[in-house]
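Quick notes on the structure that follows.
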Amino acid sequence: MANSDTAPQGSVRDRRIVAAQVIVTCPGRNFVTLKVETGAGVVGLGDATLNGRELAVAAYLEHHVVPNLIGRDAGRIEDLWQFLYKGAYWRRGPVTMTAIAAVDVALWDILGKMAGLPLYQLLGGRSRDGVLVYGHASGRDIEEASADVGRFISLGYRAVRAQCGVPGLAKPYGVTRQKNAYEPAESELPLETEWSTPPYLDLVPRLFERLRSDHGRQIELLHDAHHRLTPIEAARLARDLEPYRLFWLEDATPAENPEGFELIRRHSVTPLAVGEVFNAIWDCRALLERQLIDYIRTTIVHGGGITHLRRIADLAALHRARTGFHGATDLSPVTMGAALHFDTWVPNFGIQEYMQHSEQTLEVFPHDYVFRDGHLHCGESPGHGVGLDEKLAARFPYSPKQLPVARLTDGTMWDW
Ligand code: KDG
Ligand code: MG
């Protein structure tokens with residue numbers, strides 16, 4: 001039944017899925033990619049990378065999803081989404097939703113290639129010329145962080161996230177000692193890092209005071225608190241940052257408890273962004289419906305793909321919240337390509353995170369998106385425009401890496 005509307009086997013319009021393969025590669029960091037192929041030989045790619053838990057998604061796909069795909073009509077994107085979501089009985093969760101996203105994006109890629117159209121066109125066409133992105137600046141102290149923000153401005157960025165070393169803390173979130181972007185998953189077992197809130201709360205307003213004084217009021221500035229604060233601490237930080245007009249304060253407090261955000265809202269008008277660890281519309285619902293956030297960060301790879309993200313974006317639009325997709329380097333260029341098409345179309349677009357992939361990663365994933373004047377531009381090739389050089393990928397075998405953990409200075413486990 002599911003295949004009744006496909007063309008004869010082997011014909012150029014044969015949409016039956018004849019093969020699906022999970023490819024794990026580590027060109028500098030681990031990525032999981034799903035490759036789906038139709039009877040007509042059309043290939044679609046989906047990203048299935050879940051940082052530090054890559055093989056859980058790879059196994060879920062290999063054992064529980066791929067056998068269900070073979071023989072089905074690749075054109076039934078919605079029905080396959082519902083099949084994988086409702087049919088699993090065990091709904092939601094990062095592993096399941098990342099696996100569903102990989103299938104969904106691969107099928108949209110196939111649809112684009114069959115139609116000869118770029119993905120944004122299938123979604124409803126262009127709503128903007130380019131996608132405003134923010135880069136990641138950091139420094140061991142305020143001086144260095146400000147210089148790094150200046151470097152991004154000179155590269156043409158119009159929005160920059162700024163993170164800074166905290167006195168007395170060896171490895172604070174978001175600060176790199178190397179020239180390359182910050183990569184938190186750096187060891188086979190989690191690195192134990194130390195956290196202390198008082199010096200952080202003292203430092204961050206001084207960082208942004210300096211950034212405004214050095215770089216003026218035009219540049220958009222963002223900051224990620226990375227779930228470290230209690231609601232009242234987050235409220236205080238959001239209030240202290242008001243004079244510096246942040247574009248957003250991200251993950252000010254863990255979002256499992258939406259009431260925490262009511263407390264922040266009561267005290268501050270600093271815009272709030274949340275959602276990179278969400279994976280379903282149900283995670284986003286209370287925060288959006290209660291008008292507690294301004295930007296939703298849930299993105300394609302961890303949020304069930306394009307099919308589900310459209311629903312999340314529509315829900316956000318009802319409450320005048322905008323998208324601000326997660327775009328760290330642990331999401332592969334396949335996600336970046338798909339996200340840029342989505343961003344180009346979605347009416348309530350806000351901003352896109354752009355933490356540049358390494359040269360090695362970009363060689364393994366040839367892509368047609370380009371950075372120009374502070375914006376990323378998706379290409380015009382059919383589908384999402386990102387490929388995979390399988391021969392090159394095979395030269396970089398999986399290398400186990402986990403994200404760090406954080407403890408307070410007395411040893412108490414804290415949110416990382
Ligand atoms: O895998 C974890 C990273 O994606 C995360 O730490 C990055 O918070 C992040 C961000 O805003 O990019
Ligand atoms: Mg973040």
Side-chain angles (χ1 to χ4, degrees), residues 26 28-32 47-57 94-95 97-98 101 133-138 152 157 159-164 171-176 180-187 190-191 193 195 200 204 220-229 234 237 246-256 261 271-279 283-284 287 293-303 323-336 339 350-358 361 376 399-406 414-416:
C26 185
R29 61 159 21 275
N30 292 310
F31 295 109
V32 180
D47 180 19
T49 309
L50 185 62
N51 201 7
R53 296 291 184 270
E54 295 87 359
L55 298 189
V57 188
V95 173
M97 296 306 280
T98 301
V133 295
Y134 70 91
H136 277 208
S138 76
F152 275 90
Y157 283 79
V160 186
R161 183 187 96 158
Q163 307 293 132
C164 184
K171 279 235 160 214
Y173 168 76
V175 179
T176 175
N180 351 351
Y182 173 67
E183 288 290 355
E186 53 184 349
S187 50
L191 191 77
T193 66
W195 179 252
Y200 169 81
V204 178
E220 298 289 1
L221 294 173
L222 302 84
H223 182 71
D224 190 349
H226 222 260
H227 312 108
R228 303 289 168 93
L229 306 176
L237 179 63
L246 263 62
F247 187 93
W248 77 34
L249 172 63
E250 177 188 341
D251 288 337
T253 193
E256 285 109 332
F261 284 82
L272 301 173
V274 171
E276 69 179 40
V277 300
F278 291 174
N279 46 69
D283 301 323
C284 313
L287 289 171
I293 56 170
D294 306 281
Y295 296 93
I296 186 74
R297 296 217 356 100
T298 312
T299 191
I300 288 168
V301 61
H302 302 137
T323 62
F325 283 175
H326 188 200
T329 39
D330 48 279
L331 285 56
S332 96
V334 171
T335 287
M336 183 54 84
I351 201 165
Q352 167 69 53
E353 182 177 13
Y354 178 41
M355 191 181 163
Q356 293 168 48
H357 287 108
S358 68
T361 297
L376 275 169
S399 160
K401 294 270 186 323
Q402 292 192 51
L403 288 165
V405 296
W414 200 244
D415 303 280
W416 180 74

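When a ligand or atom number is given, it counts from 1 through the structure's own listing order.
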In terms of atom number and element, which parts of ligand 1 are under 4.0 angstrom from non-hydrogen atoms of [X]?
X: Glu250; value: 11 (O)
X: His326; value: 4 (O), 7 (C), 9 (C), 10 (C), 12 (O)
X: Asp224; value: 8 (O), 9 (C), 10 (C), 11 (O)
X: Ala328; value: 4 (O), 7 (C), 12 (O)
X: Trp416; value: 6 (O)

Can a non-hydrogen atom of Arg161 be found less than 4.0 Å from any atom of ligand 1?
yes
4.5 Å side-chain heavy-atom contact, Arg29 and Asn51:
yes
Given the rule in the side-chain contact (heavy atoms from CB on, under 4.5 Å) test, do Leu229 and Tyr200 qualify, once you have shown the distances and angles that lead to the verdict?
CA-CA 10 Å; Leu229 306 176; Tyr200 169 81; 3.9 Å; yes
Answer side chain, backbone, both or neither: which part of Arg297 comes under 4.0 Å from ligand 1, heavy atoms only.
side chain
Among all protein heavy atoms, pick out the one at the shortest distance from [atom]; state its residue, atom name and that distance to 0.1 Å.
atom: atom 12 (O) of ligand 1; value: Glu353 OE2, 2.4 Å
atom: atom 5 (C) of ligand 1; value: Glu276 OE2, 3.5 Å
atom: atom 1 (O) of ligand 1; value: Asn51 ND2, 2.9 Å
atom: atom 9 (C) of ligand 1; value: Tyr173 OH, 3.0 Å
atom: atom 6 (O) of ligand 1; value: His226 NE2, 2.9 Å
atom: atom 3 (C) of ligand 1; value: Asp330 OD1, 3.3 Å

Shortest non-hydrogen separation from Asp47 to Val32 and the atoms involved:
OD1-O, 3.2 Å
What is the minimum heavy-atom distance between Arg297 and Ala273, and which atoms define it?
CD-CB, 3.8 Å
Please report, to 10°, the angle around the Mg ion (ligand 2) from atom OD2 (Asp224) across to atom OE1 (Glu276).
170°
Would you name the N/O/S atom of Glu250 that lies closest to the Mg ion (ligand 2)?
OE2
Begin with the C-alpha distance, continue with both residues' side-chain angles, and end with the deciding distance and a verdict on side-chain contact (heavy atoms from CB on, under 4.5 Å) for Ile296 and Phe278.
CA-CA 10 Å; Ile296 186 74; Phe278 291 174; 4.3 Å; yes
Take the angle between the ring planes of Trp416 and His226 and call it parallel below 30°, perpendicular above 60°, tilted in between.
perpendicular
Side chain to side chain donor-acceptor pair (under 3.5 Å) partner of Thr329, the single match among His357, Gln356, Glu183:
Glu183
